[in-house]
Structure formats: C-alpha cells, structure tokens
Q: 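Submitted below is the structure of interest, expressed as structure tokens.
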Amino acid sequence: MAVEANQEWLKSNGDPHLVLVHRLPSFNFQLKHILQPHFHLLDPAGSPEPAGSFLSSHAQSVRALICVANTPLTAETLSLLPSLELVLASSAGVDHIDTQECRRRGIILTNASTAFAEDAADYAVTLLIDVWRRISAADRFLHAGLWPVKGGYYPLGSKLGGKRVGIVGLGSIGLEVSKRLEAFGCSIAYSSRKEKPHVPYPYHANVLDLAAHSDALVLCCSLSEQTRHIINKDVMTALGKKGVVINVGRGGLIDEKELVRFLLRGDIGGAGLDVFEDEPDVPRQLFELDNVVLSPHRAIFTPEAIEALNQLTFTNLKAFFSNKPLQSVYQIE
Ligand SMILES: O=CC(=O)O
C-alpha cells in the first residue's frame, strides 16, 4: 500500500500525537519522512531538554510511542506518559521494553518480527549452512594461501538434507526458518511457549527434550526471564558432540560462558552466532575456532526489511488512530 495514497484518513481523525524516544538511525531516516505528513511527531532526541523533562512537559497526551532499536523503555519512562495506549517496537526483540508494565497498564505492544521474518530466517539458515559446510573456514583457508593442502584434503563438511533441526520459538521468524530448511530436506521439530495449532511439526514442551532429538538448534525466540539461558549446560549436553547451535534471537538466550567451554572442549559440534550476551563484546576464544561463524548482529538488516518495518509502523499507527484492528500485536505473556 503506497503511504502517499493515505493522506485523507487523518484529516478526519484529529491530531494524533507520537513520540520518538530516540534519534532515528541514519539507515532509516525515511521513517520520519513517511510519518511526518500524517502524525504530529515529538522527538526528545531533537530537543536540547533532557529526555525526562521533555517527556513530562510535552508528552502528557501522547497515545502512541515508537521505540527505536534497543532504546530501553522502562516503567519510569512509561510513567511520564499517562495517556499512552500503544508502543510500537521497531525491533523483533522486546527485551528492552518493560512488557509487564505495558501489560499492567493495558498498553498494546507491537513488534517488527513479521517485517523482519524473511531476512532473519535467510540469515539463520545461512549461518547453519556455513557451519555445516565450513564455508567461512574454507574462505579463510584459501585467503591464507593454504590450497592445495599439503599431504591431504580440506576437511569434509556435513550435509543438510536428512538433518533434524529443532527450532526454539516458532513465531514468524521460526516459521520462515522451518520453510527454508524443509526445502533442504531437513526434518523440523520445535519448542515454543505453547503448542501451535495447524503446524505439522512435532512439538517438544521443553528445549532439553528438543535438543535430545535434534542435530541443530536454531534460536528464534524472544529473550525474557523465562528464556534467559534457555541453552544451558544440560541442553548442550543433550544436543551432543556433533550438535550445532544457531542464534539470531538474543545473546542472553545462551549461557555464553558455558557455550565457549563446550566449544573449546569439543563437547558441541559448532555454532553460528549473530547475537551475544554483552554486545559488542564477543568472547575472544571464539575467534580461534573454525567451527564457529560469527556475525555482528546483522540478521535483519536489509533495505527491504527496513522498508517493510516502515510500512508496518505506518499501517499500525493508521489503524490505531482510526480504531481499526492492528496488523500485528505482540502477545505479552
Ligand atoms: O535484533 C534485531 C531485532 O530484534 O529486530
């Protein structure tokens, strides 16, 4: 739907207010241009006042708030916005937002996972292929001028077809991962907060059980108090010496120190990590390991995903201020 074609509805809907809690990143200056003709935007980052005093003096009637990137949205900030009804997270993860406070106040939360699902899934599958087929390691090997191998062959990779992949969190991103891996001939199982109706894959109520029946785990779930360190010592032991962990969710889903120990001892087969517990710090020991593929939190970053996010934000805001159903709502547990 072309944003420009939707000027008319606002004229009959008064003057809705918004607040941007953070300066928009340079790769997404378009969002401001898309929203500005339609909404009254308040941007504390563009004001010389400290954010707190800006919010208390200008934001009393704000009904909707865009939470950009991982800017924390605390109960304290929320208390400065007494009229708030809608928070739009411009990320798939919402671990930087006090979701319980939103729930307590009846504030609706939306996130970007539907906009980012395809790109995040492409990236997760690419990391998995890279670990199993040793592509980054082979690239380093060639760059180092080590081909042909003296007295031998470059080590074999491992085939995708026939592998059992466990997806942790079968939301929009997890479902896109499953579609892609099915096409490679993998068999899929999953664990999730609840069993999903209409999903053909076996469900495991806990990750330990899923790990015991998988050759690789792909982490696509949100980080919360329930999922922090969901990949722990016991889960890695159950996954086994050939098992692979892929993480495009949040670093805190894995007990990272334990993962490093498992990898160094060869007690797990490999890892593909786009996210880390204490970004941008990455455990140095991982740099030495050829069975680990590392990436600086890039899974969702394509111009197409940003465009889809902008459209989703606009569509949800327009629906909200017209009292229509939103395109996507995040279910707070
Ligand atoms: O990590 C990226 C996101 O949560 O959107």
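All residue numbers refer to positions in the sequence shown, counting from 1. Whatever order the structure lists them in is the order used to number ligands and atoms, beginning at 1.
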Q: What are the atom names and distances for all N or O pairs under 3.5 Å between ligand 1 and the protein?
A:
from     : atom 1 : to   : atom 2 : distance (Å)
ligand 1 : 1 (O)  : R250 : NH1    : 2.9
ligand 1 : 1 (O)  : H297 : NE2    : 2.5
ligand 1 : 4 (O)  : A92  : N      : 3.1
ligand 1 : 4 (O)  : G93  : N      : 2.8
ligand 1 : 4 (O)  : R250 : NH1    : 3.3
ligand 1 : 4 (O)  : R250 : NH2    : 2.7
ligand 1 : 5 (O)  : A92  : N      : 2.6

Q: Out of curiosity, K324 NZ to T315 OG1, how far, rounded to the nearest 0.5 Å?
A: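 Interatomic distance, K324 NZ to T315 OG1, rounded to 0.5 Å: 12.0 Å.
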
Q: Using a 6.0 Å distance limit plus a 45 degree cone around the ring axis, check whether K159 lies over the aromatic ring of W132.
A: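 The answer is no, since K159 fails at least one limit relative to W132.
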
Q: Can you confirm if the NZ or CZ of R284 lies within 45° of the ring axis of F287 and under 6.0 Å from the centre of its six-membered ring?
A: no

Q: How long is the gap from CG on D98 to CZ on R105, to the nearest 0.5 Å?
A: 10.5 Å

Q: How far apart are the C-alpha atoms of N111 and F116, what are their side-chain angles, what is the distance that settles it, and do they pass the side chain to side chain contact (heavy atoms under 4.5 Å, CB included) test?
A: CA-CA 10 Å; N111 74 340; F116 294 164; over 6 Å; no

Q: After noting the C-alpha distance and the side-chain angles of R228 and D255, does the key distance pass the salt bridge (charged side-chain N to carboxylate O under 4.0 Å, His left out) rule?
A: CA-CA 8 Å; R228 185 171 298 282; D255 181 342; over 6 Å; no

